[in-house]
Amino acid sequence: MQFEPYNHKEIEPKWQNIWDDNEAWVTGEDKSRPKFYALVEFPYPSGQGLHVGHPRPYTAMDIVSRKRRMQGYNVLFPMGWDAFGLPTENYAIKNKIHPKVVTENNVKRFKSQLRSLGYSFDWTREVNTTDPGYYKWTQWIFLQLFKKGLAYKAEMPINWCTSCKVGLANEEVVNGVCERCGSEVIRKVKSQWMLKITEYAEKLLQGLDDVDYVEKIAVSQRNWIGRSTGAEVDFSIKGKEDKLHVYTTRCDTLFGATYMVVSPEHPILEKYSSDIENWSDVAAYREQAARKSDFERSELAKEKTGVVLKGLSAVNPVNEKEIPIFVSDYVLMSYGTGAIMAVPAHDERDWDFAKAFNLPIIEVVAGGENVQEKVYTDVADGIMVNSGFMDGLSVKDAQKKMIEFLTEKGIGRAKTNYKLRDWVFSRQRYWGEPIPIVKCDKCGYVPIDESQLPLLLPEVDSYMPTDDGESPLSKMTDWVNTTCPCCGGPAKRETDTMPQWAGSSWYFLRYCDPKNDKEFASKEALEYWMNVDWYNGGMEHTTLHLLYSRFWHHFLYDIGCVPCPEPYHRRTSHGMILGSNGEKMSKSRGNVVNPDEIVDEFGADTMRTYEMFIGAFELSASWQEEGVKGCRRFLERVWKLQTMVKDDPGYSSDLESTVHRTIKKVSSDFETLKFNTAIAAMMSLVNEFYRKNEVTLGEYRLLLTLLNPVAPHITEELWQRTGGEGFLYQQKWPEYDEAKMVDDTMELPVQVNGKVRGTVNVSTDASKDDILSAAKELVGTKYGENIVKEIYVPGKIINLIIK
RNA sequence: GCGGGUAUGGCGGAAUAGGCAGACGCAAGAGACUUAAAAUCUCUCGGGGGUAACCCCGUGCCGGUUCAAGUCCGGCUACCCGCACCA
């Protein structure tokens, strides 16, 4: 048998070409086979190229996809580009190159890098969110949302990044600064397109019960949606028609409400400004609050500030007591009703505020310490006091009773609230999908006709964002001025573009039927492929992309465009790859590893193996160059095994059970994301072959098959060299025989008083008595005969208890 | 503050369902091959004690349950990641 050194530089391109020539990864048309839709998050093609974090999820899902193909599934494993976005635009501005050209170049680079890693993506289904043939349908979906009233324009205080000069979604503001550039984010009121994701809050929450998401992902989504149940209560304003509505989860404490607080943006202030005797103080406070960002407001949370509204007061509806109203920025306009009833005895914030303003504190739940001294919030088994008709009830019963009471009197009602807010959908930027709406003075906001889609992004001279906060498109008067599709009169186009999350909210649907120009995907293709069987992606997308795309998909389901409400059946996530010092990789830390160099020096198969061997898939792991070498060494050993092959198609009898156990372990580990232990098991098997200095052809081919999904090039080459028929990727995934996994004998540890004192070798079918007497023989002479108890756990352990 | 996660040798990490802690890999040491080195192959490799057979200790800390605890229960500590005046 011929033997040459393992040369990845020769082997890897060779097989990549063969796979291409054979269209090995083009998705099959045979729809009688069971389908498997494996999805990885499509990358943003940044100028930096691929980093070593990218291949982790890609390799994992590539392994699963390759294995499923060998198991007879019809596999869809596509890839594409989430290519709209700020970095490309910023790069374009800086270097005076059109973002389209920048994107093309970056995509080209990414694609060749991905190719060099040997992924089995079906490139015939490649999508690119910046392709007009693609964003036509992004715009189309937006129009459907608009037609159903789920897209609307609103004057909104938005998060404004002072450096990017763009509005950001709440989700894009991290610790008060822009998630992307780290600059200060301030509040700015602007007319923005909004999507009513809040209307889907309940469906998005309920839908989590029907899918198989890793627990922490489901928990994050639930928390983000933030459902709470409670009551809305109407407080009358003394001498006025209007009522002040509050939302509370603690309506049981209503008798303890000693004052009210409205947020600085509450409309009641403006409306009754003439009744408020100290209006100038109130106005000054409002102005001060408006200048702060949300972040600053919460930063300054330590001391409570506020101003009482002199001349206005409210009436507690349960006891008719008159109570003062304050304005304070600790009440947010964006949650609940923007007004609260304050129960200082049983709410920490209210207690702080009451202490600062010397307001009465009335205990209504007994069980804590003196509420004048210490707030009592942990009221789980408290009993109602000072609460009229509810005295003596438990908190839980009191809540029920109060809701009944409020409902009966018509002064309140049960109410569910969500923390989730509507999605700010406008960006004042060039490199995004144009929003297909025109504004007509007569007809208002009018959608452009669907036949006019895609609404192309016009060529502009400058992509620079403007200081007045308008999109660069607003300077394109030729493009902006148009006619109203409704009345034919003069109208102006919307100049904001969509956020990057738009294109990624439905891309998995396009993969099902990427070239369709009649629909975003045919019913037939969607029926067959959806939903995605397994979607793996980063934890950082749990509350953004994952929630947004679920929202769009639920909507598309409701209007009959997709066959199932939930887009993803299973969702898993991978951990980050950190630098060798355990810190996040970054240029400034100087710990960045370039995947090209790894592939060049060690090969794609080594890179893939190491990325999977590095540690538990869902945890972060730090990159160790020495570890890469270890994986290369393993592949070298697999390579060298070809010289030890004995021409025997079966398994040698002494390794049969090991072989079957390895098949089982590798098969199940691949499905449960335990790639590291799967590889460890294959390493052990190889070590066995070396110990014997021999491997049968049957064993060798089995090893190659199991290893193929991880290291596809070297195994394909060795398959060919050892005379394997056809291509390895077309072989059947091996089966294991449970009956053959057990050996004739087994080694059992023998404990005395719980401490291991030795092992006995017994026949697998030996009786309990035989095993126990063998154990006693082992330890008997040393520990005497005072055995008071004998424990035998079949196949596991023997424990003898002596006095 | 709330939610989630993590803690095991010199290092990365294993350990279904409580059942031989440290699989697999790295680093280190020894030997073989070599003029030599590298590569490769073989062996050793948690700590302590003992000439030895063996013995003691050991999975962040304190306690508990159990014949048996890295794993279960109660109470902590440290670090990481989200969210955060959400009424």
Side-chain angles (χ1 to χ4, degrees), chain A residues 5 174-175 215-217 219-220 222-224 226-228 230 246-251 253 261 263 294-295 297-302 304 328-332 334-343 347-350 352-353 377 417-421 539-540 542-543 575-576 580 582 609-610 613-616 618-631 633-634 636-637 640 665 668 672 674 676-684 686-687 690-691 693 747-759 782 788-802:
Chain A
V174 176
N175 289 334
E215 188 56 23
K216 62 177 171 180
I217 297 175
V219 168
S220 300
R222 285 196 185 95
N223 290 345
W224 195 261
R227 179 190 149 112
S228 73
V246 303
Y247 171 71
T248 176
T249 53
R250 294 295 311 282
C251 65
T253 62
V261 187
S263 110
D294 270 344
F295 180 66
R297 276 202 197 182
S298 52
E299 266 290 87
L300 301 169
K302 292 122 213 166
K304 295 277 181 286
S328 173
D329 64 5
Y330 88 88
V331 174
L332 309 175
S334 49
Y335 184 76
T337 61
I340 62 156
M341 65 174 205
V343 184
D347 182 285
E348 209 163 320
R349 297 150 301 172
D350 297 344
D352 291 345
F353 191 87
T377 54
N417 239 319
Y418 302 89
K419 287 185 196 170
L420 188 68
R421 302 188 208 159
M539 275 310 284
E540 70 274 23
T542 299
T543 49
M576 238 194 311
S580 56
T609 306
Y610 179 62
F613 190 62
I614 192 165
E618 60 272 55
L619 300 179
S620 55
S622 80
W623 185 273
Q624 308 290 339
E625 180 95 12
E626 296 304 330
V628 180
K629 285 183 194 160
C631 289
R633 208 170 289 158
F634 165 60
E636 297 266 9
R637 278 161 73 83
K640 220 177 126 186
K665 174 135 188 78
S668 67
T672 51
K674 295 168 87 174
N676 51 340
T677 50
I679 292 167
M682 289 188 272
M683 286 173 167
S684 292
V686 169
N687 291 344
Y690 270 79
R691 220 155 278 151
N693 207 24
E747 197 184 52
L748 287 176
V750 179
Q751 296 183 331
V752 176
N753 289 348
K755 287 186 177 169
V756 180
R757 295 299 174 196
T759 56
K782 187 163 293 157
V788 293
K789 197 171 176 187
E790 297 161 351
I791 293 154
Y792 171 56
V793 184
K796 296 274 189 193
I797 204 161
I798 300 142
N799 193 4
L800 302 174
I801 311 305
I802 61 165

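Naming convention: chains lettered A, B, ... in sequence-line order (proteins, then strands); numbering from 1 in each chain. Note that the coordinates shown come from a computational prediction; the quantities given were computed from them, not determined experimentally.
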Starting from [atom2] on [N], measure out to [atom1] on [X] and report it in whole angstrom.
| X | N | atom1 | atom2 | value |
| --- | --- | --- | --- | --- |
| A/N753 | B/rU66 | CG | C1' | 13 Å |
| A/E626 | B/rG13 | CD | C1' | 16 Å |
| A/F634 | B/rU40 | CZ | C1' | 17 Å |
| A/I614 | B/rC11 | CD1 | P | 17 Å |
| A/D352 | B/rA87 | CG | P | 16 Å |
| A/M576 | B/rC79 | CE | C1' | 14 Å |
| A/I679 | B/rC24 | CD1 | C1' | 10 Å |

### Message
Show the nearest heavy-atom pair for residues A/T253 and A/M341, with the distance to one decimal.
### Response
OG1-CE, 3.7 Å
Once you apply a heavy-atom cut-off of 4.0 Å, does [X] come out as touching a base, just sugar-phosphate, or nothing?
| X | answer |
| --- | --- |
| A/G630 | sugar-phosphate |
| A/K755 | sugar-phosphate |
| A/L748 | nothing |
| A/N676 | sugar-phosphate |
| A/S684 | sugar-phosphate |
| A/A681 | nothing |
| A/E636 | nothing |

### Message
Using modelled atom types and a 3.5 Å cut-off, is there a donor and acceptor pairing between side-chain atoms of A/Y610 and backbone atoms of A/Q624?
### Response
yes
### Query
Is there a donor-acceptor pair closer than 3.5 Å between any side-chain N or O of A/N417 and the backbone N or O of A/S228?
no
[options]: which one has an atom nearest the side-chain heavy atoms of [X]?
| X | options | answer |
| --- | --- | --- |
| A/K304 | B/rC67, B/rA87, B/rC85 | B/rC85 |
| A/S228 | B/rC24, B/rC20, B/rA87 | B/rA87 |
| A/T759 | B/rC85, B/rA87, B/rC20 | B/rC20 |
| A/V331 | B/rU40, B/rA87, B/rA21 | B/rA87 |
| A/K640 | B/rA87, B/rC24, B/rU40 | B/rU40 |

### Query
So, is the end of the A/K304 side chain (NZ or CZ) under 6.0 Å from the ring centre of A/F353 and within 45° of the ring's axis?
no
Only pairs with both distances under 3.5 Å count, Watson-Crick or wobble alike; so what is the partner of [N] in this structure?
| N | result |
| --- | --- |
| B/rC43 | B/rG29 |
| B/rA87 | none |
| B/rA7 | B/rU77 |
| B/rU34 | none |
| B/rA21 | none |
| B/rC72 | B/rG64 |
| B/rG82 | B/rC2 |

Interatomic distance at [atom1], [N] relative to [M], whole Å:
| N | M | atom1 | answer |
| --- | --- | --- | --- |
| B/rA32 | B/rG19 | C1' | 40 Å |
| B/rG12 | B/rA68 | C1' | 30 Å |
| B/rU42 | B/rC26 | P | 12 Å |
| B/rU40 | B/rG47 | C1' | 33 Å |
| B/rG3 | B/rA21 | C1' | 32 Å |
| B/rC45 | B/rC24 | C1' | 15 Å |
| B/rA69 | B/rG63 | C1' | 14 Å |
| B/rG10 | B/rA23 | P | 14 Å |

### Task
Could you go through the side-chain contact (heavy atoms from CB on, under 4.5 Å) check for A/I791 and A/Q751 one step at a time?
CA-CA 9 Å; A/I791 293 154; A/Q751 296 183 331; over 6 Å; no
Might you list the N or O atoms of the protein lying below 3.5 Å from N or O atoms in nucleotides 42-50 of chain B, with each pair's distance?
none

### Summary
RNA chain B nearest-nucleotide lookup for A/D350 and A/S622: closer to the 5′ end is A/S622
### Query
Toward the 5' end of RNA chain B, which comes first, A/F613 or A/K789, by nearest nucleotide?
A/F613
Interatomic spacing from [atom1] in [X] to [atom2] in [Y] - rounded to 0.5 Å:
| X | Y | atom1 | atom2 | answer |
| --- | --- | --- | --- | --- |
| A/Y330 | A/D350 | OH | CG | 3.5 Å |
| A/C631 | A/E626 | SG | CD | 12.0 Å |
| A/N753 | A/N799 | CG | CG | 7.0 Å |
| A/T609 | A/M683 | OG1 | CE | 7.5 Å |
| A/L619 | A/I614 | CG | CD1 | 11.5 Å |
| A/E747 | A/T759 | CD | OG1 | 4.0 Å |

### Query
According to a strict under-4.0 Å criterion, is A/R633 in side-chain N/O contact with OP1 or OP2 of B/rA39?
no
#### Entry: Short side-chain N/O contact to B/rA87 OP1/OP2 from A/Y335, under 4.0 Å
yes
### Task
Check the chi torsion on B/rG9 and let me know: syn if it falls within 90° of 0, anti if not.
syn
### Task
Flag yes if more than 12 heavy atoms outside A/E348 fall under 6.0 Å of its CD atom; otherwise flag no.
no
## Note on the structure
Per-nucleotide protein contact along nucleotides 3-10 of chain B, 5' to 3', at a 4.0 Å heavy-atom cut-off (B base, S sugar-phosphate only, - neither), is SS------
I'd like a table of atom pairs between the protein and nucleotides 15-19 of chain B - only N or O on both sides, under 3.5 Å - with the distance next to each one.
from, atom 1, to, atom 2, distance (Å)
B/rA15, OP1, A/K674, NZ, 3.2
B/rG19, N2, A/Q751, OE1, 3.4

### Query
Hey, mind stepping through A/Y792 and A/L748 against side-chain contact (heavy atoms from CB on, under 4.5 Å) and telling me if it holds?
CA-CA 10 Å; A/Y792 171 56; A/L748 287 176; 3.7 Å; yes
### Message
One thing to verify: whether A/R633 and A/E636 come together as a salt bridge, which I'm taking to mean a side-chain N less than 4.0 angstrom from a carboxylate O.
### Response
no
### Query
Which word best sums up how the rings of A/Y335 and A/Y247 line up, parallel for under 30°, tilted for 30 to 60°, or perpendicular for over 60°?
perpendicular
### Query
Below 4.5 Å, heavy atoms only, C-beta onward: do A/R250 and A/D347 meet side chain to side chain?
no
